[in-house]
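Residue numbers begin at 1 in each chain, while the letters A, B, ... track the order of the sequences.
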Amino acid sequence: MDSRRSSRAVIDPKVRQVGFFTSAPLPPDRTQSDPPDPIRSPPLADASSPGNSLSPVMIPPPRHPSDSLLRLPHSPSDAFPPPSPTTTTTSLGDFSDDVTAASSPPPAAARVRGRGSSVKQQGAASSFPGGGFEVPPSVKAPSSVPASGLTTVSVVKLPPGISVEVQSDRALNSKPLKEKTSKAERRAIQEAQRAAKAAAKAEGIKTPAVTALANAKSAKSTKPSPQRNDSAVVVAASEKKGGDRSVEKDRKKDVPHPRMQYDDKSRVQKLKKRSVVKPTEARNRVELFRHLPQYEHGTQLPVLQSKFFQLDTLHPAVYKVGLQYLSGDICGGNARCIAMLQAFQEAIRDYSTPPAKTLSRDLTAKISSYVSFLIDCRPLSVSMGNAIRFLKSQIAKIPISLSESEAKATLHSDIERFINEKIILADRVIVKHAVTKIRDGDVLLTYGSSSAVEMILQHAHELGKQFRVVIVDSRPKHEGKLLLRRLVRKGLSCTYTHINAISYIMHEVTRVFLGASSVLSNGTVYSRVGTACVAMVAYGFHIPVLVCCEAYKFHERVQLDSICSNELGDPDSISKVPGREDINHLDGWDKSENLQLLNLIYDATPSDYVSLIITDYGMIPPTSVPVIVREYGRGQLWIYEECDPLASPGRCSDAVFFVDGLIFYPSQHLVLSFWFPDRPPSGLNNDLLERSDNFVTVAENGNFTNFEL
Amino acid sequence: MPDTQVLVNDFLNKLKKRKIEGSQATARQTAELLRSVISQQRVPYTNQAGALIDAVKAVGEQLIAANPVELAVGNIVRRVLHIIREEDLSLTTAAIGGLNLSAVSDDENDDDRDGDSTLSAAAVAAAARSTLRPPSLQTLLEDTPVSAAVPQTSSSGGDSEGKTADKSSRSRKLKHDVIEAVNELIQDIVTCHEQIAEQAVEHIHQNEVILTLGSSRTVLEFLFAAKEKKRSFRVFVAEGAPRYQGHLLAKELVARGLQTTLITDSAVFAMISRVNMVIVGAHAVMANGGVIAPVGMNLVALAAQKHAVPFVVLAGSHKLCPLYPHNPEVLLNELRSPSELLDFGEFSDCMDFGSGSGSPLLHVVNPAFDYVPPKLVSLFITDTGGHNPSYMYRLIADYYSADDLVVQRRATAGN
């Protein structure tokens, strides 16, 4: 905002123009500040378009040369008068009012976005077209017109993230620029053509109806077409930097697949054919949860056991883990994930590539079949999903030149490292962070049984802090009892109660520590059912809620309620109350048509109830979750990437979080130092190194596994 | 008297041992006990109302002390006291009003400034009006002398001469009337479900999803009344641990053909986004509109507020308590046995009492009630209709007289 204000003082002292306007009298310095960029200014986006000079935005109107260049059966929109500036401006806001700006900002925008960080680091910022005039368009556009279809498209398609930067930088370094751009241009043209064709197709479908209708209405209906075209152009322009097509594809792939919906009959049928377990569907299902799988509990286990000798495709270790999931012997995100990974480790150890098959292909298929078996046993947790994704990407990365034994050893150590660094080490970092939040005299409330919270409490107790723990428990699992038992054994002073009494007990509580099964990209904490209730009451009492969650459990999915995606437990465990034989009102409930028992496993806590998320990258507000997901979520690039981070300093000084008034630099310093223990990363100045000293000490050790907290 | 004393002691024991479940049962039994106390009470020749009040207060004090958390007891004691005062008033009014009706109507305006001679008759008349008429601005303005006038009238009525002929018939009549009124009260308590349930159709429409917690007879009847009116809707029942009364409610709802889903209490937040209305019963309704309810209710109310779901409380008039709560989570609560949460001895193996400071490491908290502040309640439905939480104090004022808010015998009274 500051830059904007000061620049206004220089350039725009008198007239403050608001909204959409055509700026005929151009301040001269604006065109001057725009560097003639022969590489980037594409020929197709010819700036001489007369319609363009009137438009306050960079979007070319439908009669733009790019259109004429593409010249498609794009008749209906041509038949109508070109949209007035107002119609086009709705899509992008006052981006820039320059003639040349119509073509040049997109690459610049792409560049800014590519670095994904403050303008300060950008050499480009000074030479940015219209830079002295407005905030960079990449910042401006989404904020000013968030709802417009075009902006969203461009946001999606623009290459966000650092990986883009890395790749493109390397590409730029390695290849001659000239060739690069021309290639990119060709690609851009193709892209634009494709989009235009699609648009035209849509138009063609619409035209018969449109012609019959009144003029105004048809004008409305054709509006999407120029926009779509424009978006194509924007995208094309943004691709000028080149080399990021594949990344873009990756990005698209990153959008989480829609989950399996179990109310989709045909897909369920398909799934059943493949599945090993063949569960019987539960009767009396709750209407609201038809999209989730629910099977008769207790029927799967015997079936599976009897099938043991027929399941020759399944590795015994995987089979064992599956049974343990099914019977509930292993529960909790971390435990399940570790068990699964260890089973996979064993399976890989015993694996041998069949003749005439490649290891990476065959092993991926194998792992997939294991995974679907495990899903049959119990739906995957997010942590497991992420681990599987990691493993598959590691398998895919194995060079073909590697021998089988070497590949297996690599995978083995990869899995080992994942367990160590992502789970065990992460937990220790979390403990270290969280313990700083415990003071003497605190009353800490926790819900259910979270392994991370348990470690925190025990560590704080070992440090000699004087505090009391309130364990809130709920039916039907009573996981809190197990935690209570372990903590009482250690000599912690505990209070035990049920979730119903939460508003009673909350009066005396000073901190709430919660575990999470996953943290979703919108800050929603997906956790054991009841967590949301606890967080809500704590929020009502103005008590800080600290969620402890390892970063590998973060997921880019978003969720607003607990219904769209959840897991259903055994309904019988609700009707029965262990140890209370007098409560038998619901014996034989399944005979009744009207009664359903609902045993939800998870719920989603809205991010506004969460004060802080303690993760292995530090303590972050829930709003920073998408940053973590974006920066570190992609296949754990930062651990294993074989590139030289020093070649892409943009990665080093990224994302800065402000927590508790302290500047926190995410632990990529740690990562960088880990890779280059002898060389200080050039992207970090001394200031950064000092502030993140605990990570630097780690770097001196130079070894993750000997890492002392 | 001895037989009433036995009854009273019996009831006291039950209350102390928490043998009576539910405020409705308690209210009914209290009313019945007080009825027998009144009928057994020998009435003196003069100041009969005073004698009855004293007798009821004496018993009521013990009853309230036996279970101070069961507010219904106190409510009923106060209701009965109020009835006695009212009946006495109406009798006096009838007696005096019949004599000098014209006088009253004439100098109504100067009554307040006049001396004792006219005060009794006029004030009594005004008080009688206030009890017989629905509240209006006029009665509100005239309300003040009533409380002051009542004890006076009873005494003055007894002392006044020239009416001795009425005496014997009046003495019997008062007791008779009071017992009649208490019978009505008992009837009201018994039938309050029906009156509340009558309003069900106004609040439940087709295809609604309703959430409730625990078990309440009122809620059951309410839902069933809507069902009988051919409304089809779906009920989510939170089981209400650790008493699991939701199981009972679910069973009964299913038996009556309602679509019911039983959920755990922890799933309330997850499910409430799909719920159209929360309908719950209460343990007691305080004068500020706050609700004392089974444990877990505050959770439901907060979740409902978060999702802008109406939170409706059903309460019979015997649950309306004229007291204002202070720190109700603690003071109007009681802790039940920990064995409902943890079995005895379950943790004996990991508790080491030999060492340490001697204070046990493990506490188990099992409160019975929750307090829902008035701002979380959207609507109260009582047998007199729907009311805002902010209106409750006024509604409650109709049932009780201000003198009885503290049920304690005055040191000077009686002797």
What part of [X] gets closer than 4.5 Å to chain A, counting heavy atoms only: side chain, backbone, both or neither?
X	value
B:Leu335	side chain
B:Glu340	both
B:Leu258	backbone
B:Arg234	side chain
B:Ser273	side chain
B:Glu239	side chain

Using every non-hydrogen atom in the two residues, find where [X] and [Y] come nearest and quote the distance to one decimal.
X	Y	result
B:Phe269	A:Ala604	CE2-O, 3.9 Å
A:Ile583	B:Arg243	CD1-O, 4.1 Å
B:Arg274	A:Leu288	CG-CD2, 3.6 Å
A:Arg475	B:Ser266	O-OG, 3.9 Å
A:Pro476	B:Thr264	CD-CG2, 4.0 Å

What part of A:Arg486 gets within 4.5 angstrom of chain B, counting heavy atoms only: side chain, backbone, both, or neither?
neither

For the pair B:His363 and A:Val470, evaluate side chain to side chain contact (heavy atoms under 4.5 Å, CB included) and give the outcome as yes or no after the intermediate values.
CA-CA 9 Å; B:His363 293 266; A:Val470 177; over 6 Å; no

With B:Lys306 as the cation and A:Tyr609 as the aromatic partner, state whether NZ or CZ is under 6.0 Å from the six-membered ring centre and within 45° of the axis.
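Yes; both conditions hold, so B:Lys306 lies above the ring face of A:Tyr609.
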
Let's test your reading of the structure: which of A:Gly540, A:Gly530, A:Cys494, A:Ser592 forms the most heavy-atom pairs below 4.5 Å with chain B?
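Going by pairs under 4.5 Å, I would pick A:Cys494.
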
With chain B as the partner, which of A:Asn599, A:Leu492, A:Val534, A:Ile471 has the greatest number of non-hydrogen pairs under 4.5 Å?
A:Leu492

Between [options], which has the largest tally of heavy atom pairs under 4.5 Å with chain A?
options	value
B:Leu342, B:Asp370, B:Val268, B:Asp343	B:Leu342
B:Ala238, B:Pro242, B:Ala250	B:Pro242
B:Leu213, B:Val364, B:Val235, B:Leu253	B:Val364

Between the main-chain N or O of B:Val365 and the side-chain N or O of A:Thr497, is there a donor-acceptor pair closer than 3.5 Å?
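Checking the backbone N and O of B:Val365 against the side chain of A:Thr497, a donor-acceptor pair under 3.5 Å is found.
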
Would you confirm whether A:Asn500, through its side chain, and B:Ala241, through its main-chain N or O, come within 3.5 Å as a donor-acceptor pair?
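Yes; at least one donor-acceptor contact below 3.5 Å.
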
A:Leu586/B:Leu262 under side chain to side chain contact (heavy atoms under 4.5 Å, CB included): CA gap, chis, key distance, verdict:
CA-CA 10 Å; A:Leu586 297 174; B:Leu262 187 74; 3.3 Å; yes

In sequence, state the C-alpha distance, the side-chain angles, and the governing distance for B:Leu299 and A:Val537, and then conclude on side chain to side chain contact (heavy atoms under 4.5 Å, CB included).
CA-CA 7 Å; B:Leu299 192 82; A:Val537 174; 3.5 Å; yes

Let me confirm one number: the [atom1]-[atom2] distance from [X] to [Y], rounded to the nearest 0.5 Å.
X	Y	atom1	atom2	result
B:Leu362	A:Arg485	CG	CZ	10.0 Å
A:His585	B:Leu249	NE2	CG	10.5 Å
B:Met271	A:Asp561	CE	CG	9.5 Å
B:Asn298	A:Tyr504	CG	OH	14.0 Å

Does a salt bridge link A:Asp587 with B:Lys251, judged by any charged N lying under 4.0 Å from a carboxylate O?
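Judged by the 4.0 Å cut-off on N to carboxylate O distance, A:Asp587 and B:Lys251 do not form a salt bridge.
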
